[in-house]
Amino acid sequence: MISPSLISLTLHLITSFIASAAFGILFNAPRRMLLQCGLAGMLGWVAYVLLAPQLDAVFATVMATFIVGVASQLLARLYKKPVILFSVSGIIPLVPGGLAYDAMRQFVESEYNLAVQLAAKAFLISGSIAIGLVLSEVINQMIIKLTLRRPANSRK
């Protein structure tokens, strides 16, 4: 018998892939790259789903976005395309749109305490997306600098 958690994870895989690939279409990604755009988003969302029960949502988002950033840079090098093509599509499942909507709804319903809490969490998650992408880029640049130095040192 298939466990409900396996079915749930499979549904997460499929829907995050479709969402990321669909946003690749909206951002005019080349048709050949839609599969890779979907893969980047799927990797990030699965990482988030697996990490969120153990970690805070904000930290799980940083880790998932870092994975999206690394995958985007690898895909960009492999297919000789811009990193932003994969990273924008890849972070779409992680964007806290539903949380921001709930915050605005609570403001309209005059539930200000709950609205501020939800808005603060949406803001923190949005910031964690930025941190994850920057962190992956910084580590990528460090690796590039180290690999460029190594051949120069080995010639001596």
Side-chain angles (χ1 to χ4, degrees), residues 1-76 79 81-143:
M1 183 173 167
I2 300 173
S3 70
S5 62
L6 182 62
I7 293 172
S8 175
L9 187 61
T10 304
L11 286 174
H12 279 280
L13 283 167
I14 293 168
T15 55
S16 62
F17 178 86
I18 291 170
S20 296
F23 270 89
I25 293 169
L26 287 176
F27 294 133
N28 293 323
R31 282 188 191 174
R32 298 175 290 146
M33 296 295 113
L34 293 178
L35 191 68
Q36 292 83 355
C37 290
L39 180 67
M42 184 179 69
L43 287 173
W45 184 251
V46 168
Y48 176 79
V49 167
L50 295 175
L51 290 172
Q54 287 86 18
L55 304 172
D56 182 51
V58 174
F59 190 67
T61 304
V62 170
M63 298 300 293
T65 306
F66 177 77
I67 290 170
V68 169
V70 169
S72 296
Q73 291 177 19
L74 291 173
L75 289 168
Y79 294 101
K81 298 288 182 191
V83 175
I84 197 163
L85 177 73
F86 305 107
S87 63
V88 169
S89 296
I91 63 168
I92 290 299
L94 300 170
V95 173
L99 196 58
Y101 171 81
D102 288 340
M104 291 308 298
R105 192 184 72 198
Q106 296 303 321
F107 272 120
V108 170
E109 293 176 358
S110 299
E111 295 288 334
Y112 299 117
N113 289 334
L114 183 57
V116 168
Q117 290 174 3
L118 292 172
K121 188 170 183 180
F123 180 74
L124 288 172
I125 290 173
S126 299
S128 68
I129 290 171
I131 290 169
L133 287 174
V134 168
L135 189 61
S136 69
E137 180 62 30
V138 167
I139 290 175
N140 180 49
Q141 293 298 319
M142 288 173 52
I143 290 170

Please list all pairs meeting side chain to side chain donor-acceptor pair (under 3.5 Å) that have one or both residues in residues 14-34, counting only residues at least two apart or in different chains. none

Taking all non-hydrogen atoms of both residues into account, name the closest pair between Ala119 and Ala103 and its distance. N-CB, 3.6 Å

Would you check if Phe59 and Ser128 make a side-chain contact, meaning some heavy-atom pair closer than 4.5 Å? no

Ile84 vs Phe27, test: side-chain contact (heavy atoms from CB on, under 4.5 Å). Steps then yes/no. CA-CA 10 Å; Ile84 197 163; Phe27 294 133; over 6 Å; no

How many angstroms lie between NZ in Lys121 and OG1 in Thr61, if you round to the nearest 0.5 Å? 9.0 Å

Pairing donors with acceptors under 3.5 angstrom, does anything connect the side chains of Gln106 and Gln117? no

Report the C-alpha distance between Ile139 and Phe66 in whole Å, list the side-chain angles of each, state the deciding distance to 0.1 Å, and finish with yes or no for side-chain contact (heavy atoms from CB on, under 4.5 Å). CA-CA 10 Å; Ile139 290 175; Phe66 177 77; 3.7 Å; yes

Going from CG on Leu26 to CD1 on Ile92, what distance comes out if it is rounded to the nearest 0.5 angstrom? 8.5 Å

With side chains defined as the heavy atoms from C-beta onward, is the minimum distance between Met33 and Phe86 less than 4.5 Å? yes

Distance (rounded to the nearest 0.5 Å) between Leu85 CG and Leu34 CG: 8.5 Å

Nearest 0.5 Å, what's the CD1-CG distance between Ile67 and Leu51? 6.5 Å

Tell me if a side-chain donor or acceptor on Ser72 pairs with a main-chain N or O of Ser87 at a distance below 3.5 Å. yes

Separation between SG (Cys37) and CD1 (Ile25), nearest 0.5 Å, reads 9.5 Å

Would you say Phe17 and Leu35 make side-chain contact, with heavy atoms under 4.5 Å? yes

Using a cut-off of 6.0 Å, state whether more than 12 heavy atoms not belonging to Phe107 lie near its atom CZ. yes

Verdict with supporting geometry, Val138 and Met142, side-chain contact (heavy atoms from CB on, under 4.5 Å): CA-CA 6 Å; Val138 167; Met142 288 173 52; 4.1 Å; yes

Using the side chain to side chain contact (heavy atoms under 4.5 Å, CB included) criterion, which residues pair with Leu74? Sequence neighbours excluded. Val70

Within a strict 4.5 Å, meaning less than it, do heavy atoms of the Phe23 and Val88 side chains meet? no

Is there a side-chain contact between Val68 and Leu43 (heavy atoms, below 4.5 Å)? no

Tell me, with the steps shown, if Glu111 and Arg105 meet side-chain contact (heavy atoms from CB on, under 4.5 Å). CA-CA 9 Å; Glu111 295 288 334; Arg105 192 184 72 198; over 6 Å; no

Spatial distance of atom CG (Asp102) from atom CG (Leu114) [nearest 0.5 Å]: 8.5 Å

Under a 4.5 Å cut-off applied to non-hydrogen side-chain atoms, are Lys81 and Gln36 in contact? no

Quick check: do Ile131 and Thr65 have side-chain heavy atoms less than 4.5 Å from each other? no

When you compare the side chain of Ser126 with that of Val95, does any pair of heavy atoms fall below 4.5 Å? no

